[in-house]
Enquirer: 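So that we are looking at the same thing, I have put the structure below in structure tokens.
Reminder, nothing fancy here: chain letters follow the sequence lines and each chain counts from 1.
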Amino acid sequence: MSNDNSTAESAAKTSNFIHQIIEDDLKSADAPKQIVTRFPPEPNGYLHIGHAKSICLNFGTAEKFNGVCNLRFDDTNPEKESQEYIEAIKRDIRWLGFTWHEDVRYTSSYFDQLYNWAVYLIEKGNAYVCDLNAEQARAYRGDFTTPGKNSPYRDRSISENLTLFAKMKAGGFAEGFCSLRAKIDMQSSNMNLRDPMLYRILNVSHHQTGDQWCIYPIYDFAHGQSDAIEGITHSICTLEFEGHRPLYEWFLEHLPVASTPRQYEFSRLELNYTVTSKRKLKQLVDKGIVNGWDDPRMPTISGMRRRGYTATAIRKFCDMVGVTRSNGVVDVGMLESAVREDLEVNAKRAMCVIDPLKVTLSNVAEGASEMLSLAVHPKLDMGERELPFSKYLYIEKQDFSEDTSLGRKKFKRLVIGDYVRLRGAYVIKAEQVIKDDSGQIIEVIASIVPGTVGANPAPEFKPRGVIHWVSACHAVPCELRIYDRLFSDATPDKNKEKPFTELINPDSLQVIPRAWAEPSLLKAEIESGYQFERTGYFVADADSTPEQLVFNQTLPLRESKAK
RNA sequence: UGGGGUAUCGCCAAGCGGUAAGGCAACGGGUUUUGAUCUCGUCAUGCGGAGGUUCGAAUCCUCCUACCCCAGCCA
């Protein structure tokens with residue numbers, strides 16, 4: 001489908017601070033044999049545009065340096081995770097065009113090893129079972145300006161800790177009764193080092209391990225070690241994990257791990273007029289504000305796919321925004337620009353009239369039907385399509401005006417007494433307008449200039465412009481869903497007055513139940529992009545049935561001010 | 001407030017001591033059987049601020065300022 005095979009080349013050209021670090025690493029004496037990265041989503045929601053950036057970075061970096069990238073589900077919190085999300089995430093990554101190394105990994109498949117390492121820490125006197133409840137633990141932790149206090153359980157003996165931890169694992173304690181904590185430094189100015197929790201008791205079954213465990217490791221105790229197990233060389237994550245890096249390294253230093261991955265952080269992607277947080281996107285879904293995770297207004301990968309955004313465009317966009325450590329909010333227009341750039345060369349052209357006005361051609365015989373052949377793309381060779389022409393047409397209401405004083409440059413459409421080109425067909429002249437009792441224009445009588453198909457007319461018949469059309473008796477009805485940005489606020493999650501769920505653009509979805517498409521669109525495939533000439537990019541939606549075609553507007557065409 | 005980060009055009013972003021790339025947007029001109037595309041041009045004497053070092057500073061030093069992250073048994 002994609003005519004763009006320059007993605008890999010341009011990806012190879014783009015660089016960022018992480019690539020620079022890797023280049024240095026590769027030159028060093030202890031250079032890794034191979035670069036290994038990983039994309040570690042938690043299966044607690046669908047992937048969004050922010051994840052796309054991380055995916056492009058991790059898979060793209062591995063590709064650039066002839067390394068590999070693992071897909072690892074960071075499934076340490078079964079309460080919020082599900083198999084449905086796992087399947088959706090795999091589907092989205094594949095759709096983006098990336099292939100993970102070997103089999104999918106799961107942090108949960110390392111639970112035994114992680115447990116043994118926890119025991120190891122206890123044996124070395126570096127971890128203890130703490131009976132403080134959540135509230136008490138918070139009080140003991142202190143705050144930014146107050147150092148924490150040691151837990152009264154901090155100095156339990158190694159053997160007692162071993163017994164207690166085994167009992168935790170065996171289900172001997174109620175949820176929340178106790179936890180395993182690392183013995184680091186309650187006075188640390190880095191809150192993450194104030195004896196962080198390693199394991200908590202969770203009496204829930206896990207989507208991968210079933211009821212095998214009732215204790216689950218916390219992120220910090222699982223992530224770095226999982227990286228080490230997999231031989232990850234560069235563990236790339238977002239900025240909010242920066243403060244966790246000392247802890248990440250502490251575990252690698254205090255455990256007999258086989259390799260020492262390094263963590264690097266970059267700033268997460270933010271887009272204006274949207275939210276990029278799985279938690280918030282889930283709220284939109286749960287509250288029914290949108291129709292599911294793949295609603296075409298959602299910045300999820302599956303939503304964008306359904307909207308008609310292409311993988312090529314999303315990857316191009318990720319390339320455009322770059323990778324840095326500074327927080328910023330990217331203009332959603334940049335994403336749209338990448339989408340148009342791809343669709344301009346990859347979308348087939350077709351015609352569809354949204355708001356029809358009947359045109360009767362006075363000098364075309366009743367019942368006469370001519371089959372015209374039009375290029376699928378005006379510049380690229382994408383074949384031809386057949387288009388029936390007849391005495392009765394539909395054009396857009398907007399493309400006709402009674403105001404004959406409108407200048408030819410000001411209004412490049414149909415006006416009584418003047419000429420206009422029907423795209424790919426004849427030049428016509430509007431002769432007469434017919435109105436109903438209320439004065440509404442219901443029909444225009446026009447005539448064709450013979451011999452103007454594929455040929456320019458004599459100068460005196462020079463058309464004001466080109467308009468799109470369909471043959472009224474051949475056109476197929478279809479439903480159009482026109483989308484606009486989901487939020488009316490540029491920064492919905494930073495608004496002080498209202499929660500983001502109340503900043504929804506009331507016009508984010510407009511349904512046009514009956515538009516008229518050229519017959520070739522009957523063959524439109526789901527997810528295949530079209531440009532409806534002069535109106536916008538559209539894509540056939542999976543809701544389409546043999547009786548009713550449904551198209552989603554991907555984006556309108558750009559419009560210069562004059563229009 | 002303690003700690004950790006970040007500040008270059010409206011937005012994103014190169015720059016790594018030698019005199020401010022590029023993209024998006026915007027604004028002008030041209031081409032065009034899509035008011036699309038394409039194309040040509042304009043768009044930071046200035047790099048958060050103030051000092052300092054240097055022949056030379058966005059790049060080095062000092063001091064300010066603003067914003068982001070951390071006080072989940074989330075990731």
Side-chain angles (χ1 to χ4, degrees), chain A residues 14-16 20 40-42 44 74-77 79-81 130 132-135 137-138 141-148 175-181 188-194 197-202 215-216 218-220 222-223 237-246 265 267 269 272 278-279 317 319-338 340-341 344-345 349 351 374 378-379 409-413 420-425 427 452-456 463 465-468 531-537 556-563:
Chain A
T14 55
S15 186
N16 56 55
Q20 290 180 9
E42 183 190 9
N44 64 348
D74 213 345
D75 54 350
T76 56
N77 187 6
E79 283 184 316
K80 294 180 177 172
E81 301 160 4
C130 179
L132 255 25
N133 63 32
E135 194 185 330
R138 186 166 34 246
R141 192 155 39 229
D143 59 30
F144 295 150
T145 48
T146 318
E175 229 175 75
F177 181 80
C178 57
S179 63
L180 184 73
R181 301 174 69 179
S188 175
S189 54
N190 182 342
M191 302 294 290
N192 296 124
L193 263 23
R194 318 248 261 227
M197 178 170 294
L198 271 33
Y199 271 90
R200 78 284 214 190
I201 298 167
L202 245 35
I215 57 171
Y216 293 95
I218 225 72
Y219 166 86
D220 288 300
H223 203 93
C237 63
T238 43
L239 243 27
E240 66 270 27
F241 292 100
E242 189 167 21
H244 292 245
R245 194 170 64 221
E265 312 86 18
S267 60
L269 173 67
N272 59 14
K278 261 193 271 182
R279 205 191 101 250
F317 168 71
D319 240 29
M320 285 166 82
V321 301
V323 178
T324 67
R325 289 172 60 85
S326 61
N327 299 92
V329 180
V330 176
D331 190 334
V332 63
M334 215 189 278
L335 208 208
E336 296 174 347
S337 171
R340 289 196 178 95
E341 186 183 304
E344 162 58 25
V345 291
R349 304 299 134 112
M351 291 194 281
L374 270 72
K379 292 180 179 172
K409 283 200 177 102
K410 178 77 182 166
F411 190 72
K412 305 165 83 165
R413 315 179 203 185
V420 81
R421 159 75 68 180
L422 292 177
R423 175 68 160 158
V427 169
T452 51
V453 176
N456 283 328
V466 182
I467 63 171
H468 58 103
Q531 183 195 105
F532 290 175
E533 289 190 285
R534 300 210 318 133
T535 93
Y537 292 105
L557 253 32
R558 278 184 45 188
E559 277 185 11
S560 53
K561 287 262 163 73
K563 190 174 178 179

Enquirer: Classify the side chain of A:His244 versus the base of B:A75 as yes if they form a donor-acceptor pair under 3.5 Å and no if they do not.
Expert: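 Yes.
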Enquirer: Sort out the partner of B:U62 for me: Watson-Crick or G-U wobble, both distances under 3.5 Å, none otherwise.
Expert: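 Pairing partner: B:A50.
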Enquirer: Quick one: does A:Arg413 reach the base of B:G35 with a side-chain donor-acceptor pair under 3.5 Å?
Expert: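 Counting by modelled atom types and ignoring angles, a donor-acceptor contact under 3.5 Å is found here.
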Enquirer: Please state the P separation for the pair B:A25 and B:U39 - nearest whole angstrom.
Expert: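 One P to the other, the span is 13 Å.
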Enquirer: Could you work out, with side-chain hydrogen bond (donor to acceptor under 3.5 Å, both in side chains) as the rule, every residue matching A:Glu336, not counting sequence neighbours?
Expert: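 Testing A:Glu336 for side-chain hydrogen bond (donor to acceptor under 3.5 Å, both in side chains), a comparison that skips the adjacent residues, returns none.
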Enquirer: Rounded to whole angstrom, note down the P distance from B:U8 over to B:C60.
Expert: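 One P to the other, the span is 15 Å.
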Enquirer: For the base of B:C16, is there a side-chain donor-acceptor partner from A:Gln20 under 3.5 Å away?
Expert: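 Indeed there is one.
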Enquirer: Can you check whether A:Arg279 has a side-chain N or O nearer than 4.0 Å to OP1 or OP2 of B:C74?
Expert: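 No, because none of the side-chain N or O atoms of A:Arg279 sits under 4.0 Å from OP1 or OP2 of B:C74.
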Enquirer: Counting only Watson-Crick or G-U wobble pairs whose two distances fall under 3.5 Å, which nucleotide matches B:U45?
Expert: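 Partner of B:U45: none found under 3.5 Å.
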Enquirer: Can you check the distance between B:G52 and B:A57, where both ends of the measurement are the P atom (answer in whole Å)?
Expert: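 Here B:G52 and B:A57 have their P atoms 12 Å from each other.
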Enquirer: Any stacking of A:Tyr219 on B:A75, going by centres under 5.5 angstrom and planes within less than 30 degrees?
Expert: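 Aromatic stack with B:A75 absent for A:Tyr219.
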Enquirer: With a 4.0 Å limit, can you tell me whether A:Arg141 has a side-chain N or O closer than that to the phosphate oxygens OP1/OP2 of B:A71?
Expert: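 No.
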Enquirer: Should the side chain of A:Arg421 and the base of B:U33 be counted as holding a donor-acceptor pair, with the cut-off at 3.5 Å?
Expert: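 Donor-acceptor pair under 3.5 Å: yes.
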Enquirer: Any side-chain N or O of A:Ser560 below 4.0 angstrom from OP1/OP2 of B:A36?
Expert: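 A:Ser560 to B:A36 OP1/OP2: side-chain N or O found under 4.0 Å.
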Enquirer: With both distances kept under 3.5 Å, what pairs with B:U31, Watson-Crick or G-U wobble?
Expert: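 Here B:U31 is not engaged in any pair, so there is no nucleotide opposite it.
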Enquirer: Write down the distance separating the P atoms in B:G5 and B:G10, rounded off to the nearest Å.
Expert: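 After rounding to an integer number of Å, I get 29 Å for this pair.
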Enquirer: Can you classify the ring geometry of A:Tyr219 versus A:Phe241 as parallel (below 30°), tilted (30 to 60°) or perpendicular (above 60°)?
Expert: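 Because their plane-to-plane angle lies in the 30° to 60° range, the rings of A:Tyr219 and A:Phe241 count as tilted.
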Enquirer: Between B:A13 and B:U53, how far apart are the two P atoms, rounded to whole Å?
Expert: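 Each nucleotide's P atom is 34 Å from the other's.
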Enquirer: When you measure only distances, ignoring hydrogens and angles, does the side chain of A:Arg349 come within 3.5 Å of the base of B:U34 through a donor and an acceptor?
Expert: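 Check passes, donor-acceptor contact within cut-off.
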Enquirer: Look at A:Arg200 and B:A75 and indicate whether a side-chain polar atom (N or O) is within less than 4.0 Å of OP1 or OP2.
Expert: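 Looking at the OP1 and OP2 atoms of B:A75, one of them is under 4.0 Å from a side-chain N or O of A:Arg200.
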Enquirer: Under 4.0 Å between a side-chain N or O of A:Thr324 and OP1 or OP2 of B:U6?
Expert: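 So the side-chain polar atoms of A:Thr324 never come under 4.0 Å of the phosphate oxygens OP1 or OP2 of B:U6.
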Enquirer: Tell me the partner of B:C55, counting only Watson-Crick (N1-N3 plus N6-O4 or O6-N4) or G-U wobble (N1-O2 and O6-N3) with both under 3.5 Å; none if nothing fits.
Expert: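 Partner of B:C55: B:G18.
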Enquirer: Have a look at A:Gln531 and say if it touches a base, only the backbone sugar-phosphate, or nothing, with a 4.0 Å heavy-atom cut-off.
Expert: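 Here A:Gln531 touches the bases of the nucleic acid.
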Enquirer: Now, which nucleotide makes the Watson-Crick or G-U wobble pair with B:C67, with each of the two distances under 3.5 Å?
Expert: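 The base-pairing partner of B:C67, which may sit in any strand shown, is B:G5.
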Enquirer: For a quick check of understanding: with a heavy-atom distance under 4.0 Å over all strands, which category does A:Phe317 fall into, base, sugar-phosphate or nothing?
Expert: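 It contacts nothing in the nucleic acid.
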